[in-house]
Amino acid sequence: MRLDCALRVPRRDFTLAFRETLDWLGIVAVMGVSGSGKSTLLRALAGLEPAARGRIVLDGQTLAEGRRRCPPHRRGIGYVFQDARLFGHRSVHGNLRFALDRARPGTEAPGEAEVIEALALGPLLARAPAGLSGGERQRVAIGRALLANPRLLLLDEPLAALDAARKRELLPYIRALPARFGIPLLYVSHAVEEVAQLAGEVLILHAGTVTARGPVYEVLERPEAEAVSGAFEGGVVLDVRVRRQRPEYALTEVELAGQHLSLPRVAAAPGEVLRVRVRARDVAVALGPVEGSSIRNQLRAQVLQLTAEPHGPHAELLLDLGGPHLRARITRESADRLALYPGQTVWALLKSVSFDPR
Amino acid sequence: MLLLLLGTPLAWWLAGTRSPFKPLIEAVTALPLVLPPTVLGFYLLVLFAPDAPLGGLWVELTGQTLTFSFSGLVLASMLYSLPFVVQPLQASFEAIGRGPLEAAAVLGARPLDVFFSVASPLALRGYLTATVLGFAHTLGEFGVVLMVGGNIPGRTRVVSIAVYEHVETLQFAAAHRLAAGLLLFSFLVLVVVYALNRRYPVHAG
């Protein structure tokens, strides 16, 4: 999927200026705080923004050029809204049929049975949208969007209205979509956890402008990402390989750049790759390996960079694990006491590692 | 029926438009609510006169005058009852919001398709209210009809005026028959409509 954009959408408090070319197969995420223009971008791509100006070319087909725009129903772009927007006068099955009856013709269109199975919609079919839970509603909305056989599926914070448990439940469904149905996803969110779990490439949007772009590992380490997530949630995303299970402690041992880590048990076979996230505030540093501590995950690293807040209490360390990076958030006082400097070898102590099975 | 056909597109347009003329059109639509029926009737009479442009055109097209004829009566009634149809419809279209309509469009539904398969079913209550109000108001009106239609037996005599005439000429028995008939008929129609309304509750959104 190749998307070529040069868009301008004036809004009351900012102007979205999006000039990017995206080339992808899986999931690209757009991150930003509320009011940064994320939804405006998706709406403009789908043709729902009358004020949008500029060019949109999708796989060689021009969807918009200046003031001339292809109407939404002929774009072949699916859209999952934050609030699901199911049709209240139709049952769940009626909602799915609505999309199916209007589906873009194509031999590889997702089949009804396949979509119902993939999103576990079977038990919901006869129900009315008003009686569904938030998570069920979003599953139906995703299924409905798929059945219209879109070339590209836009998801606008589909998990924002759900509680943590429902989010975890729905994430694997979303992650599996591109491979299963051959439809690339553009996923908008302000939640680092979701983006870290789903995306290959990430764009960060701030006040209508792209401030950072790149692979998820790189971008989520950057300060621009922290502006979205808040310093409290800042951290890194790492791919680790499962070494072995340790059922006696309910732990899973994984490998990261030649060093070992233990995670709370993950159902994964040795050799499998997991994506984990380590928040900067969960990493402490020591000048040598620490004995007599409850922290078992200690990694040898080199200080790459030390950034102290000029007036605040904290300092941020960028650590090199011999390829992958870690970030540590420590106090400025500790940084001075330990006399940390770039190039120094330290031990990173990981208090917690969060992850979901890939 | 004619009123619904005319009122629906107008209400749909009014609900969706961002045109600067919207308040103007809304005001014109609502005028019959404010004006005394005789004022409206008077202007319509002038407009429908065979030597006025509209009346003249009608005469040329159909060979009949609009004034003191059944077709003129229908036209006048429609204008007079228009706000009673347009306003509930517009309100219910606006209550649906753009959400479901956008959702339908990105699923590949053409605008007309969106209207018939999403907006109209969701606005069912609005249609019912519009039907009841439009019907009731048309049945009960008096002034405009008298001005434009006159009271020609068999052509432009309507029930409400017939009742008035019977009372004026002290034919109370005849007035009773007509009035009771009208009362019963109106009541039955309303009962049917409200019963339907209860049977098919519609939740927007």
Side-chain angles (χ1 to χ4, degrees), chain A residues 39 42-51 69-91 94-106 109 128-131 137 140-156, chain B residues 4 8-9 11-22 88-131 193 196-205:
Chain A
S39 299
L42 290 197
R43 292 178 55 82
L45 290 176
L48 299 174
E49 277 297 328
R69 294 193 306 272
C70 174
H73 63 276
R74 275 198 253 128
R75 291 197 178 193
I77 296 183
Y79 202 124
V80 176
F81 297 89
Q82 188 176 340
D83 50 355
R85 300 197 180 174
L86 301 181
F87 303 129
H89 62 294
R90 285 167 170 254
S91 66
N95 271 273
L96 299 180
R97 294 295 317 182
F98 186 95
L100 209 55
D101 291 343
R102 291 158 181 82
R104 209 168 52 92
R137 232 172 264 183
V140 177
I142 293 170
R144 189 177 68 170
L146 285 172
L147 286 174
N149 189 25
R151 290 187 286 177
L152 161 67
L153 186 57
L154 311 174
L155 295 104
D156 188 1
Chain B
L4 275 181
T8 306
W12 178 241
W13 182 79
L14 278 174
T17 188
R18 291 175 207 183
S19 155
F21 297 113
K22 180 179 172 181
L89 280 177
Q90 188 187 342
S92 57
F93 284 142
E94 279 171 357
I96 297 171
R98 280 192 294 158
L101 311 181
E102 287 180 352
V106 294
L107 289 171
R110 286 168 297 111
L112 210 61
D113 185 13
V114 172
F115 174 76
F116 282 113
S117 48
V118 178
S120 289
L122 286 176
L124 196 59
R125 242 172 224 282
Y127 277 103
L128 284 168
T129 316
T131 312
V193 166
L196 281 176
N197 203 0
R198 212 176 66 160
R199 177 86 57 84
Y200 304 107
V202 177
H203 307 285

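Here is how names work: the chains are called A, B, and so on, in the same order as the sequence lines, proteins then strands, and each is numbered from 1. If you're wondering where the values come from, they're calculated on a predicted model, not measured in any experiment.
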Taking B/A104's backbone N and O only, do any of them form a donor-acceptor pair with A/H73's side chain (distance below 3.5 Å, no angle check)?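 No; zero donor-acceptor contacts below 3.5 Å.
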
Separation between [atom1] of [X] and [atom2] of [Y], rounded to the nearest 0.5 Å:
X: B/D113; Y: A/F98; atom1: CG; atom2: CZ; value: 5.5 Å
X: A/D101; Y: B/L107; atom1: CG; atom2: CG; value: 11.0 Å
X: A/H89; Y: B/S120; atom1: NE2; atom2: OG; value: 9.0 Å

Between A/F87 and B/P100, what is the shortest heavy-atom contact and its length?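 Scanning both residues, the minimum pair turns out to be CE2-O, 3.3 Å.
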
Heavy-atom cut-off 4.5 Å, strictly under: side chain, backbone, both or neither for [X] against chain B?
X: A/P71; value: neither
X: A/R85; value: both
X: A/R74; value: neither

Stepwise, does the side chain to side chain contact (heavy atoms under 4.5 Å, CB included) test hold for A/F81 with B/E102? CA-CA 10 Å; A/F81 297 89; B/E102 287 180 352; 4.1 Å; yes

